[in-house]
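For clarity, every value in this text was computed on a predicted model and none was experimentally measured.
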Amino acid sequence: MSTFTEPPKASFRLSQLIYDTRYRSITIQVIALILICIAFWWLINNTVQNLANLGKNFNFRFLQSAAGYDINQMLISYNNQMSHGRAALVGILNTLLVAFLGCVTATIIGVIAGVLRLSKNWVVNKLMAVYVEGFRNVPLLLWIILIFAIMSESMPRPNDFRGEEATANMILADSFAITNRGIFIPRIGFSNSISGNAAVAPSDGAVPLASGGLDWLAVFGALALGLTAIYFIRKRATRIQEATGVRPTTWYLQIGLLILPVGIISFALGMTVVRPYLQGFNFTEGVHLRNSLIALWLALSLYTGAFIAEIVRAGILAVSKGQTEAAFALGLQPSRTMNLVILPQALRVIIPPLISQFLNLTKNSSLAIAVGYMDVRATLGGITINQTGRELEGMLLLGGFYLTLSLIISAAMNYYNRSTQLQER
């Protein structure tokens, strides 16, 4: 009887790392990784040596020293005796504010303009074309400066609102004042503040009311609880509908859960509207929206909205005309066809490029320094670096902030994008 013996295996040779297709790709990747690590090591080592030659060391202790400069637009309390870290936080919040406002407003403008670009009305169609082409082909910086100049030069002075023969008047029941120093709008105040801060009455008898963070935390907490309850009610209604074919009526419960908790908390805290009023040489109370914020917000919104309009138009055109014809055959009006049939399908095409526009808007907000809006570029990446001489650390922190913010926006929008995609079985 013959026995079968396996042939001897060939020994491994170093030449196989290059000539054997099983190992070649791994070899190339390892070599590329080693070269990248060497390049980074050289760059870091060269930077450290240059800093040592200049008598500098790499650290972030400068964030704890007193900033020594004022910031004109703040969402949290700040004064010039606070640290550079606090000033950077104020700038970060200012950047987040204008980025959020810009993304929301640009989306609204872009959707409306994109739909109107497809209007059969010649005048409306051409007006939207002029808007889109005009804003897309002019640099954003010019629009920021132009809007800032219009607000600063053409709006009335606060002194024009004074006296019986005033040349300017507040609008909407004396609640809003548009001046060359910005727009003053009402704010929400709390007479029974959780923080217990006492209100001091000014000379004209008006009582400034507290509006602390704890009060808003309670209001938004009640709103979050109401929305959570509404979610579970709708989920239960869906289960009943799937089991019985009949969906229970829950709209009154949803409205009650949305309004009642917030209403009770607001009543307990004494929520009221505090209107701005003229005192001295300027308006006081209310919320002051400075010209720099308005110019940056409007310019970013109109500029980015022009790009979003083209994205929306392309997404609508990507939907088959048969969908529109089928909706019309069922008796749907054009507006409901657009809202219920066309736009939901177009979202699958619109959202991916929309993410890029949101990222562009967020990074373009760094142009705020052109009109004196104190965002993170002006605080951490500007005055702080000039005062401390920590340009490397400051720029690393600034780049890290924009990188982190961009990744968060991208992750959130990609999550929403996945929810709009067709679910394959």
(request) Nearest 0.5 Å please: distance from the CG atom of D375 over to the CD1 atom of I369. (result) 7.5 Å
(request) Identify the heavy atoms of T362 and I409 that sit nearest to each other, and give their distance. (result) OG1-CD1, 3.4 Å
(request) Determine whether the aromatic ring centres of F184 and Y277 lie less than 6.0 Å apart. (result) no
(request) Starting from the C-alpha separation in whole Å, work towards a yes-or-no answer on side-chain contact (heavy atoms from CB on, under 4.5 Å) for T379 and H84. (result) CA-CA 8 Å; T379 56; H84 284 289; over 6 Å; no
(message) Can you confirm whether more than 12 heavy atoms, excluding those of F328, are under 6.0 Å from its CZ atom?
(response) yes
(message) Working to the nearest 0.5 angstrom, can you tell me the gap between D174 CG and F161 CZ?
(response) 10.0 Å
(message) Using every non-hydrogen atom in the two residues, find where V371 and S292 come nearest and quote the distance to one decimal.
(response) O-CB, 3.3 Å
(request) Verify the neighbour count for atom CZ of R162: are there more than 12 heavy atoms of other residues, nucleotides or ligands below 6.0 Å? (result) yes
(request) For side-chain contact (heavy atoms from CB on, under 4.5 Å), just list the numbers for I385 and M395, CA-CA rounded to whole Å, side-chain angles, deciding distance to a tenth of an Å, and then say yes or no. (result) CA-CA 8 Å; I385 288 179; M395 284 301 170; 3.9 Å; yes
(request) Answer yes or no: does atom CZ of R157 have more than 12 heavy-atom neighbours from other residues, nucleotides or ligands under 6.0 Å? (result) no
(request) Measure up the F62 and F60 rings against each other and bin them: parallel (under 30°), tilted (30 to 60°), perpendicular (over 60°). (result) tilted
(message) Any carboxylate oxygen within less than 4.0 angstrom of a Lys/Arg side-chain nitrogen, looking at E310 and R313?
(response) yes
(request) Test side-chain contact (heavy atoms from CB on, under 4.5 Å) on V376 and F401 and set out the steps. (result) CA-CA 9 Å; V376 67; F401 164 72; 3.6 Å; yes
(request) For L141 and L367, work out which heavy atoms get closest and say how close. (result) N-CD1, 4.4 Å
(request) Output the distance between atom OG1 (T27) and atom CD1 (I31), rounded to the nearest 0.5 Å. (result) 6.0 Å
(request) Using atom types as modelled and distance alone, determine if a side-chain donor or acceptor of Y373 lies under 3.5 Å from a backbone N or O of N94. (result) yes
(message) Does the plane of the ring in Y78 sit parallel, tilted or perpendicular to the ring in Y69? Use 30° and 60° as the thresholds.
(response) tilted
(message) Working to the nearest 0.5 angstrom, can you tell me the gap between T107 OG1 and L354 CG?
(response) 5.5 Å
(request) Identify whether the distance between the nearest side-chain nitrogen and carboxylate oxygen of E285 and R275 falls below 4.0 Å. (result) no
(request) Enter the distance from T272:OG1 to R187:CZ here, rounded to the nearest 0.5 Å. (result) 9.5 Å
(request) In sequence, state the C-alpha distance, the side-chain angles, and the governing distance for N339 and R336, and then conclude on side-chain hydrogen bond (donor to acceptor under 3.5 Å, both in side chains). (result) CA-CA 5 Å; N339 294 333; R336 294 186 63 81; over 6 Å; no
(message) I'd like to know if the side chain of S83 and the backbone of R86 have a donor-acceptor N/O pair within less than 3.5 Å.
(response) yes
(request) Measure across L332 and T337 and return the closest heavy-atom pair with its distance rounded to 0.1 Å. (result) CB-OG1, 3.5 Å
(request) Show the numbers, then the answer: is there a salt bridge (charged side-chain N to carboxylate O under 4.0 Å, His left out) between K56 and E391? (result) CA-CA 11 Å; K56 294 182 178 180; E391 62 282 347; 3.2 Å; yes
(message) Heavy-atom count check: over 12 atoms from other residues, nucleotides or ligands less than 6.0 Å from E133 CD?
(response) yes
